[in-house]
J.: 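Pasting in a structure now, in structure tokens, and then I'll have a few things to ask.
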Amino acid sequence: MEIDKFWTRGNLKERINDALSDSDLNKSNLKIEDLHPIDQYHARGIAATRDLAEKVSIKENETIIDVGCGLAGPARFFADKFKCNVVGVDITPAFIEVGNDFNKRTNMHDKVSLHVTDGKSLPFENNQFDAAISQHVTMNVENRELFFTEIFRVLKKDTFFAFSEHGLGPKGTPYFPLPWADDEKMSFLLDPEKTIELLKEIGFKSISFMETGEKYMEGYEKSIKTNSSSKKPVLGMHVIGGPTMYDRQKNSMLSIKEKRTLPFEIICFKN
Ligand SMILES: C[S@@+](CC[C@H](N)C(=O)[O-])C[C@H]1O[C@@H](n2cnc3c(N)ncnc32)[C@H](O)[C@@H]1O
């Protein structure tokens with residue numbers, strides 16, 4: 001599957017094993033923080049996940065869903081912070097395999113369960129979850145309506161859906177390759193206003209919209225600077241994203257700067 005190949009980029013497990021060994025972390029009983037440099041696989045990493053978590057409230061023992069959970073770094077963070085359960089789903093089997101391994105190594109396997117699933121057909125009952133999150137996934141999803149409708153369906157009434165993405169900017173056509181796609185075949189960016197309209201049509205209410213472009217440009221700048229220095233850290237976005245990651249980040253930064261993309265975060269509710 002093309003999307004699977006894109007996200008896995010060759011021997012993912014070997015790259016992870018080597019990086020963990022080189023950082024003396026190839027062991028069980030890791031702290032969830034130990035994995036943050038590689039398991040928060042989106043622009044700004046753990047800082048963005050923390051920001052998102054600050055804006056929502058989840059009660060102890062509630063169960064939330066993370067659609068497009070990647071290696072389940074954000075899922076473990078939310079489970080730990082809120083003492084909730086997280087069900088993570090992702091279309092890339094290798095990410096779920098590594099995510100399960102990371103759950104065991106951090107002793108989070110009782111709180112976080114993972115499934116290989118396309119977010120457009122969630123294998124769950126209606127009205128089942130107490131909240132939904134999805135960080136930087138939708139850029140790969142051509143049929144947004146189906147993706148959002150599935151999330152709406154599995155949410156209980158009065159619960160939130162919080163997500164972030166790179167929307168299409170007013171100037172259009174970003175520079176490829178990007179962190180989420182090598183070319184337009186995998187990238188389906190939508191004008192943020194159209195996204196909001198779509199969410200309303202599906203039935204989401206109380207939609208709050210936050211532009212995140214400035215923060216992302218700062219984050220990319222920091223990441224590119226750190227990783228082009230001679231003391232490049234062993235753990236970083238390149239472990240999962242491969243050696244082209246920082247060039248793809250440069251393209252993303254330039255696309256934001258030139259308003260070709262417009263990153264944002266939305267929190268909305270199923271009323
Ligand atoms: C940028 S990564 C973000 C991973 C995770 N949300 C995080 O923030 O660490 C994008 C993820 O979306 C997943 N993805 C893309 N399309 C998907 C779909 N239709 N259903 C489920 N997952 C999808 C990819 O496999 C990848 O893991």
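Order of appearance sets the numbers: ligands from 1, and atoms from 1 within every ligand.
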J.: Would you check, one step at a time, whether the test side chain to side chain donor-acceptor pair (under 3.5 Å) holds for His166 with Ser187?
T.: CA-CA 10 Å; His166 293 259; Ser187 183; over 6 Å; no
J.: Could you check atom 12 (O) of ligand 1 against the protein and tell me its nearest heavy-atom contact, residue, atom and distance included?
T.: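 Scanning the protein heavy atoms, the shortest distance from atom 12 (O) of ligand 1 goes to Val137 CG1, 3.5 Å.
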J.: In terms of atom number and element, which parts of ligand 1 are under 4.0 angstrom from non-hydrogen atoms of Ile3?
T.: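 Near Ile3, meaning under 4.0 Å from one of its heavy atoms, ligand 1 has 15 (C), 16 (N).
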J.: Using a strict 4.0 Å threshold on nitrogen-to-oxygen distance, state whether Asp80 and Arg76 make a salt bridge.
T.: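 Salt bridge between Asp80 and Arg76, a charged N being under 4.0 Å from a carboxylate O: no.
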J.: Which residue and non-hydrogen atom of the protein lie closest to atom 7 (C) of ligand 1, and at what distance in Å?
T.: His42 ND1, 3.4 Å
J.: Between Lys215 and Asp51 (salt bridge meaning N to carboxylate O under 4.0 Å), is one present in this structure?
T.: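 Answer for the salt bridge query: yes.
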J.: Among all protein heavy atoms in this structure, tell me which lies nearest to atom 27 (O) of ligand 1, with the distance rounded to 0.1 Å.
T.: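 Here the closest protein heavy atom is Asp90 OD2, 2.7 Å.
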J.: For the residue pair Phe95 and Tyr41, does the interplanar ring angle fall in the parallel (under 30°), tilted (30 to 60°) or perpendicular (over 60°) class?
T.: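 Rings of Phe95 and Tyr41: perpendicular, as their planes differ by over 60°.
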J.: For the side chain of Arg248 and the backbone of Gly241, is there at least one donor-acceptor N/O pair under 3.5 Å apart?
T.: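 Such a contact is found between Arg248 side chain and Gly241 backbone.
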J.: If you count heavy atoms of other groups shown closer than 6.0 angstrom to NZ of Lys104, is the number above 12?
T.: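 12 or below, so no.
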J.: Less than 3.5 Å between some nitrogen or oxygen of Asp66 and one of ligand 1, yes or no?
T.: no
J.: Please indicate whether Lys81 has more than 12 foreign heavy atoms, meaning atoms of other residues, nucleotides or ligands, lying under 6.0 Å from its NZ.
T.: yes
J.: Does Trp7 reach ligand 1, in the sense of a heavy atom lying below 4.0 Å from it?
T.: yes
J.: Between Thr117 and ligand 1, which part of the residue brings a heavy atom under 4.0 Å of the ligand: side chain, backbone, both or neither?
T.: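 Backbone only; the side chain of Thr117 stays clear of ligand 1.
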J.: So is Thr138 close enough to ligand 1, meaning a heavy atom under 4.0 angstrom away?
T.: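 Checking ligand 1 against Thr138, which is what was asked, there is no heavy-atom contact under 4.0 Å.
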J.: Taking the side chain as every heavy atom from C-beta outward, state whether Phe204 and Ile266 have any atom pair closer than 4.5 Å.
T.: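 The answer is no; the side chains never approach within 4.5 Å.
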J.: For Phe188, is the NZ or CZ atom of Arg144 found under 6.0 angstrom from the centre of its six-membered ring and inside 45 degrees of the ring axis?
T.: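 No, Arg144 does not sit over the ring of Phe188.
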J.: Counting from 1, what ligand 1 atoms have a heavy atom of Pro74 closer than 4.0 Å?
T.: 7 (C), 8 (O), 9 (O)
J.: Of all heavy-atom pairs between Lys270 and Arg153, which one has the smallest distance, and what is that distance?
T.: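 Closest pair (atom of Lys270, atom of Arg153, distance): NZ-O, 3.6 Å.
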J.: Provide, to 0.1 Å, the distance between atom 10 (C) of ligand 1 and the closest protein heavy atom, together with that atom's residue and name.
T.: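 Nearest neighbour among protein heavy atoms for atom 10 (C) of ligand 1, to 0.1 Å: His136 O, 3.3 Å.
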J.: Should the proximity of Val89 to ligand 1, defined as any heavy atom under 4.0 Å, be assigned to the side chain, the backbone, both, or neither?
T.: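 Answer for Val89: neither.
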J.: Looking only at distances, can you tell me whether any N or O atom of Asn140, backbone or side chain, sits closer than 3.5 Å to an N or O atom of ligand 1?
T.: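 Not met; the criterion fails.
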J.: Quick check on Gly73 - does any of its heavy atoms sit under 4.0 Å from an atom of ligand 1?
T.: no
J.: Within a distance under 4.0 Å of any heavy atom of Asp118, pick out the atoms of ligand 1 and give their elements.
T.: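 By the 4.0 Å cutoff, the relevant atoms are 18 (C), 19 (N), 20 (N).
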J.: By number and element, which atoms of ligand 1 are closer than 4.0 Å to a non-hydrogen atom of Asp39?
T.: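 Ligand 1 atoms under the 4.0 Å threshold to Asp39: 9 (O).
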J.: Answer with yes or no after comparing the ring centroid distance for Phe163 and Phe148 against a 6.0 Å cut-off, counting only values under it.
T.: yes
J.: Counting heavy atoms only, which part of Pro179 comes closer than 4.0 Å to ligand 1: side chain, backbone, both or neither?
T.: neither
J.: Which of the atoms of ligand 1 are close to Thr92, meaning less than 4.0 Å from one of its heavy atoms?
T.: 24 (C), 25 (O)
J.: Please report whether ligand 1 has a polar contact with Gly119, defined as an N or O pair separated by less than 3.5 Å (distance criterion only).
T.: yes
J.: Near Gly70, which atoms of ligand 1 are under 4.0 Å from a heavy atom of that residue?
T.: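 Listed by number with element, the hits are 4 (C), 5 (C), 27 (O).
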J.: Under a 3.5 Å cutoff, is there a donor and acceptor pairing between the side chains of Trp7 and Asn140?
T.: yes
J.: Going by the closest heavy atom to atom 3 (C) of ligand 1, which one wins out of Tyr41, Phe95, Phe188?
T.: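 Looking at heavy atoms only, the winner is Tyr41.
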J.: Tell me whether Gln40 has any N or O atom under 3.5 angstrom from an N or O of ligand 1.
T.: no
J.: Can you tell which part of Ile91 has a heavy atom less than 4.0 Å from ligand 1: side chain, backbone, both or neither?
T.: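 Both backbone and side chain.
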J.: Nearest protein heavy-atom contact for atom 6 (N) of ligand 1: which residue, which atom, what distance?
T.: Gly68 O, 2.6 Å
J.: Do NZ/NE/NH1/NH2 and the carboxylate oxygens of Arg9 and Asp182 come within less than 4.0 Å?
T.: yes
